[in-house]
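Worth knowing before you read on, the calculation uses all heavy atoms, side chains too, and leaves out hydrogens, waters and symmetry mates.
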Amino acid sequence: MEVCYFGSTSPPPTFRLPPLLESLLQHRITREVVLLLTPWGLTLSVTTCLLLWTFWKSYSLRVNVPTIGASPGPFGGWRAMFKYFSHGSEWIAEGYDKYTPTAQTFKIPSISRYILFPTSTKILEEMMAEPDHVLSFGEALTEKLAVEWTLHPSIKYDPYHLQLIRTKLTQRLSTILPEVMDELVTAWGDGAGGDVGKEGWTRVRVWEVMVVVVARTTNRMFVGLPLCRDQEYLDNVIAYSLKVVKAGAILDILPRFLRAPLTNLLMQKSHHYALMRKHVGHIFRERKAKMQECLASGQEWKDCPDDLIQWILDFSEEEGGSSGSGKRREEEELIARILFMNFASIHTTATTVTQAIFDIAAHPELQPDLHIEITEVLSKEGMSKQSLTKMKKLDSVIRESQRLNTISTITMMRKSLIPYTFSDGTHLPTGTWIAAPATALQRSLLSIPNPAVFNGFRWERLRVEEEEAGRPGRYAAVTTSFEHLVFGHGKHACPGRFFAVNELKVLLAHVVGRFEMRCLPEQGRPKNWIFGVACRADPEGVVEFRLR
Ligand code: HEM
């Protein structure tokens, strides 16, 4: 049979490379260079160049303050970046001790950028006073977590959740506690087991139980019953919160154009959002329909739920809403808002309650007094917002535990959006990051005896003195200052802290009221896990519980 070569009967001429090039291609190095010219090779080379350029660009910001942690040499900061995970917190402590006597600001290399730390509270005051278009908290937070990709751009550009937390959540505090209590009791029973401590000392992995208890109690207020008990929904919001931190850190160092394609690969975003649509999407739709029905008939929705889903809907359905955007929001954005609120609440609160339980177990001498305070208050007044304010010993233990196990050794992060100069002459070019060395400040600013040692009731005693001097609340767990930066300080201090501290008190009052606790003799207080500037309670840490 005759073979047809695209209309011609003669075979095409064989393409031959010039002999010199052919012999060059035999050589390994040349082959690899040629390989780089293939589409994959080109993509890889361009990406590598862009990554190097991104790193170089981040470290090229010249800020004339001393550096801690960078190795000597032209790429010192760049190389030190890899040591940041194991040394970040140490560097900040070292810099603080070294530069506090001269009130200087210093910097450390973190992943993809230098961060500056003022040691003088005067400079921190100036930093706090600047508006967001000069030194921006939102820009730093959303960039660090790559919020536009890991969650949704609207979280960055329209942060109306702040308003919801400050108004709706705060108003709801006085009525939510019985529901929080109810959820806690069932969640504790389901998680730790209903017969914990009945037959003597029982070992419990505190973090494992607490992360679910906190997720359930928090979601009782966010999405209500029965969804707050749905295992698939809970696993989804817990897992996604962790992925936001991890993927955010990776996306933050990548060039912008790579972020969108890589987000799904890093965190399976579409899978998690699909699960959210399955669980929450229909609730949004049903409630919107009901709201429209009420609007059309001019009737009030009598048993309208009072939860986060409804607050978001009320806010976003308002034409021209208080954000001024006037947009009705897409379902994806509404879902992202629920995920963001879970991200902000669950791991922070679960870590804090786990740390407090570790500290109470490690200090059994505190337990009888705590037990008396809790049972007295509850028997006289029951569980309410007012009665919780009377648990001052418990409040003091929470504050002390947070002080020594602060969730992040730095807070009050800001990014300069325009060039800025402090009163001491320290100049920040556009794009500089600056933060408060929270843990170091907390350990040094207060003149308290043995600041490095856990002393559970120290704040309760100081509060009594302060109250007598007419300054109530100065040492309460929710009160922020440069001496207590666990929730940040100033206009961006954590808006959820009032709810968080109430929730912590309800959880701890339940646990301390019912159980004695002790650490394992062979283990002692479980040690913290430190990565960079993050401080986590040991997720494997075990405490023994015995029913009173
Ligand atoms: C014990 C639990 C918690 C801890 C330790 C904590 C800690 C923090 C910290 C350190 C900040 C940054 C402040 C700064 O650096 O100046 C922050 C911000 C924030 N927190 Fe919390 N938080 C907790 C619970 C919550 C809860 C329960 C919510 C929501 C209900 C929440 C919502 C937020 C939000 C929305 C921000 C950003 C504030 C802004 O953009 O101005 N947090 N939190």
Side-chain angles (χ1 to χ4, degrees), residues 121 128 165-166 169-174 176-177 180 214 344-345 348-349 351-353 355-357 359-360 363 366 369-374 376-378 380-381 383-408 411-412 436 438-439 441-443 445-449 451 453-513:
T121 48
M128 217 167 68
I165 299 173
R166 288 186 188 124
L169 178 57
T170 311
Q171 284 159 15
R172 182 84 164 91
L173 268 184
S174 41
I176 190 75
L177 290 178
V180 170
V214 169
S345 327
T348 46
T349 312
T351 299
T352 309
V353 72
Q355 297 281 22
I357 288 178
D359 282 325
I360 295 171
H363 294 275
L366 302 176
D369 283 352
L370 279 175
H371 185 251
I372 292 171
E373 179 183 82
I374 291 163
E376 272 184 11
V377 169
L378 291 182
K380 275 192 207 143
E381 305 185 28
M383 182 63 81
S384 69
K385 198 176 148 209
Q386 283 69 30
S387 66
L388 286 179
T389 60
K390 299 198 174 137
M391 296 184 189
K392 293 198 173 138
K393 288 193 166 69
L394 188 58
D395 194 273
S396 173
V397 168
I398 294 171
R399 182 174 161 114
E400 181 70 344
S401 178
Q402 282 191 289
R403 182 180 74 89
L404 289 169
N405 309 290
T406 305
I407 212 157
S408 166
T411 54
M412 291 178 63
T439 310
L441 280 163
Q442 281 166 192
R443 287 200 180 159
L445 278 189
L446 277 168
S447 49
I448 47 172
V453 177
F454 180 89
N455 180 345
F457 295 152
R458 72 161 89 228
W459 304 109
E460 188 243 351
R461 284 190 289 271
L462 282 170
R463 266 179 91 174
V464 174
E465 287 169 26
E466 286 292 308
E467 268 161 30
E468 281 163 10
R471 291 186 296 259
R474 179 172 169 195
Y475 295 123
V478 287
T479 307
T480 66
S481 65
F482 291 132
E483 300 158 351
H484 194 65
L485 287 162
V486 299
F487 290 112
H489 185 42
K491 55 181 171 291
H492 289 292
C494 173
R497 66 189 188 281
F498 303 97
F499 172 70
V501 170
N502 274 306
E503 190 182 16
L504 288 166
K505 283 188 180 166
V506 175
L507 299 180
L508 291 169
H510 177 73
V511 174
V512 177

Minimum heavy-atom distance between [X] and [Y], given as atom pair plus value:
X: Leu366; Y: Gly456; result: CD1-CA, 4.1 Å
X: Pro451; Y: Arg443; result: CB-O, 3.6 Å
X: Ser384; Y: Ser387; result: N-OG, 2.8 Å
X: Val486; Y: Gln442; result: N-OE1, 3.4 Å
X: Thr480; Y: Gly490; result: OG1-N, 4.4 Å
X: Leu388; Y: Met383; result: CD2-SD, 3.6 Å

Using modelled atom types and a 3.5 Å cut-off, is there a donor and acceptor pairing between side-chain atoms of [X] and backbone atoms of [Y]?
X: Thr479; Y: Gly473; answer: yes
X: Ser408; Y: Thr411; answer: no
X: Lys390; Y: Val377; answer: no
X: Ser401; Y: Ile398; answer: no

Note, [X] side chain near [Y] side chain (heavy atom, < 4.5 Å):
X: Glu468; Y: Val464; result: yes
X: Met412; Y: Phe482; result: yes
X: Leu462; Y: Ile448; result: yes
X: Asp359; Y: Val397; result: no
X: Arg474; Y: Ser481; result: no
X: Arg399; Y: Val478; result: no
X: Tyr475; Y: Arg458; result: no
X: Val214; Y: Leu507; result: yes

About how many Å separate [atom2] of [Y] and [atom1] of [X], when rounded to the nearest 0.5 Å?
X: Ser396; Y: Lys392; atom1: OG; atom2: NZ; answer: 11.5 Å
X: Leu394; Y: Ile360; atom1: CG; atom2: CD1; answer: 6.5 Å
X: Thr349; Y: Ile407; atom1: OG1; atom2: CD1; answer: 8.0 Å
X: Gln355; Y: Glu400; atom1: CD; atom2: CD; answer: 12.5 Å
X: Arg403; Y: Asn455; atom1: CZ; atom2: CG; answer: 8.5 Å
X: Asp395; Y: Glu373; atom1: CG; atom2: CD; answer: 9.0 Å

Could you go step by step and tell me if Glu466 and Arg463 meet the salt bridge (charged side-chain N to carboxylate O under 4.0 Å, His left out) rule? CA-CA 5 Å; Glu466 286 292 308; Arg463 266 179 91 174; over 6 Å; no

How would you list, by chain and number, every residue that makes a salt bridge (charged side-chain N to carboxylate O under 4.0 Å, His left out) with Glu460, sequence neighbours excluded? Lys393

Val353 vs Val511, test: side-chain contact (heavy atoms from CB on, under 4.5 Å). Steps then yes/no. CA-CA 11 Å; Val353 72; Val511 174; over 6 Å; no

So Trp459 and His484, would you call those rings parallel, tilted or perpendicular, with 30° and 60° as cut-offs? tilted

For Ile165, side chain to side chain contact (heavy atoms under 4.5 Å, CB included) partners two or more places apart: Leu169, Met341, Pro495

Could you give me the CA-CA distance, side-chain angles and deciding distance for Leu504 and Arg497, then say whether side-chain contact (heavy atoms from CB on, under 4.5 Å) is met? CA-CA 10 Å; Leu504 288 166; Arg497 66 189 188 281; over 6 Å; no

